[in-house]
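As structure tokens, the structure follows; a few thoughts come after it.
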Amino acid sequence: MKAFVFDMDGVLVDSERYYYRLKIDFLRQMGEKPGVSNITEIVGLSADNGWKKLVPAAKKRARLQPLFEKYRNQHMIDYAQYLNADVPEFLQDIKNDGQVIALASAGYISGIQKMLWECNFTQYFSSVISGEDVEHNKPAPDIYLSSVEKLALSPNECVAIEDSPVGIKAAKSAGLETWAIKYPYYQLDQHQADRIFSGFGQMRKYYQQEYAQKS
């Protein structure tokens, strides 16, 4: 193992629930019934694919998405307040061990950069790739293949940290060992993951026991 490649939303920060509630509130204010009834239906999807589920009608979606962008700008997330427990400590652990750290998020680069800045994570990540940087977003393997190539490593030298079935499929299809974070907020199908952890605290303990200073 030489590198860790992290997903962002739902892994490093609890932003999936924030944005889901924001979109549902927006649609209800617009008098629209959301096309999904549970967050698990869109967790891990790119923003565009998530909107296709929230508003299946293309013409209506084309009208509502730009309006939501204005609404979102009035309700910006403070990522530092949504940082998941033990994330900084785990990042420091693996950095101290000489692991290369990368970020591979289906989201927009603007949101990724905002999170890195607000959570003071810029010093950890050697590579940052967004869904905008690849032709096919998750669940296609492109974003992980691009990350591995950028790091000049092979897939079997990297571990992906994911939460959603979409992200896990992308990482596994790219040939990466995949560890899943299973938070109690919602239930996701993570059966394809190689290992499942209840949080970064448990992941830290496992890493320290099995891998620390052995890489």
Between the main-chain N or O of [Y] and the side-chain N or O of [X], is there a donor-acceptor pair closer than 3.5 Å?
| X | Y | answer |
| --- | --- | --- |
| D14 | G10 | no |
| D86 | P88 | no |
| D93 | Q208 | no |
| Q65 | A62 | no |
| R195 | W179 | no |
| Q202 | S198 | yes |

Closest approach of [X] and [Y], non-hydrogen atoms and distance?
| X | Y | result |
| --- | --- | --- |
| V43 | D163 | CG1-OD2, 4.0 Å |
| S105 | I112 | CB-CD1, 3.6 Å |
| D78 | Y82 | O-CD1, 3.3 Å |
| A106 | S46 | O-CB, 4.1 Å |
| V87 | N84 | CG2-O, 3.3 Å |
| L153 | K2 | CD2-CD, 3.9 Å |

Got a second to check how far [X]'s [atom1] is from [Y]'s [atom2], nearest 0.5 Å?
| X | Y | atom1 | atom2 | result |
| --- | --- | --- | --- | --- |
| L27 | K60 | CG | NZ | 9.5 Å |
| L12 | I181 | CG | CD1 | 9.0 Å |
| L151 | F4 | CG | CZ | 13.0 Å |
| S173 | K138 | OG | NZ | 12.0 Å |
| Q74 | E69 | CD | CD | 12.0 Å |
| L22 | S15 | CG | OG | 12.0 Å |

Quiz item: Passes side chain to side chain contact (heavy atoms under 4.5 Å, CB included), T178 versus Q192? Steps please.
Solution: CA-CA 8 Å; T178 305; Q192 288 189 322; over 6 Å; no

Exercise. Answer yes or no on whether R204 is positioned over the face of F90, meaning its NZ or CZ is under 6.0 Å from the six-membered ring centre and within 45° of the axis.
Key: no

Do [X] and [Y] have side-chain heavy atoms sitting under 4.5 Å apart?
| X | Y | answer |
| --- | --- | --- |
| M30 | L67 | yes |
| K52 | P56 | no |
| K23 | Y18 | no |
| V5 | I129 | no |
| Y211 | M1 | yes |
| S127 | K150 | yes |
| Q187 | T40 | no |
| L45 | W51 | no |

Under a 4.5 Å side-chain heavy-atom rule over Ile, Leu, Val, Met, Phe, Trp and Tyr, are [X] and [Y] clustered together?
| X | Y | result |
| --- | --- | --- |
| I161 | V100 | no |
| I42 | L64 | yes |
| Y108 | L54 | no |
| L188 | V11 | yes |
| Y183 | I196 | no |

Exercise. Would you please say whether a donor-acceptor pair under 3.5 Å links the side chains of Q29 and Y71?
Key: yes

Quiz item: Is there a donor in the side chain of N156 and an acceptor in the side chain of S154, or the other way round, less than 3.5 Å apart?
Solution: yes

Contacts under 3.5 angstrom, residues 164-172 side chains, donor-acceptor by atom type, not counting sequence neighbours:
| unit_1 | atom_1 | unit_2 | atom_2 | d |
| --- | --- | --- | --- | --- |
| S164 | OG | G167 | N | 3.0 |
| K172 | NZ | D194 | OD1 | 3.0 |
| K172 | NZ | D194 | OD2 | 2.9 |

Quiz item: Is a salt bridge present between R63 and E32, judged by a nitrogen-to-oxygen distance below 4.0 Å?
Solution: yes

Could you pull out every donor-acceptor pair under 3.5 Å between side chains of residues 115-125 and any protein atom, sequence neighbours left out?
| unit_1 | atom_1 | unit_2 | atom_2 | d |
| --- | --- | --- | --- | --- |
| E118 | OE1 | Y79 | N | 2.8 |
| E118 | OE2 | K114 | NZ | 2.4 |
| Q123 | NE2 | N120 | O | 3.3 |
| Y124 | OH | Q92 | OE1 | 2.8 |

Quiz item: So Y20 and V36, side chain to side chain contact (heavy atoms under 4.5 Å, CB included) or not? Walk me through it.
Solution: CA-CA 10 Å; Y20 177 75; V36 302; 4.0 Å; yes

When the side chains of residues 141-149 are checked against the rest of the protein, which donor-acceptor pairs come out under 3.5 Å, sequence neighbours left out?
| unit_1 | atom_1 | unit_2 | atom_2 | d |
| --- | --- | --- | --- | --- |
| D142 | OD2 | H136 | N | 3.4 |
| Y144 | OH | E162 | OE2 | 2.6 |
| S146 | OG | D142 | O | 3.0 |
| S147 | OG | I143 | O | 2.9 |

Quiz item: Should K53 and N49 be marked as a side chain to side chain contact (heavy atoms under 4.5 Å, CB included) after you check the CA-CA gap, both sets of side-chain angles, and the distance that decides it?
Solution: CA-CA 7 Å; K53 286 183 171 290; N49 287 334; over 6 Å; no

Practice problem: With side chain to side chain contact (heavy atoms under 4.5 Å, CB included) as the test, would you mind laying out the steps for L103 and M8 before giving the verdict? | Solution: CA-CA 7 Å; L103 189 60; M8 185 181 102; 4.1 Å; yes

Practice problem: Evaluate the criterion side chain to side chain donor-acceptor pair (under 3.5 Å) for residue pair D97 and Y207; output intermediate values, then yes/no. | Solution: CA-CA 11 Å; D97 261 0; Y207 174 79; 2.7 Å; yes

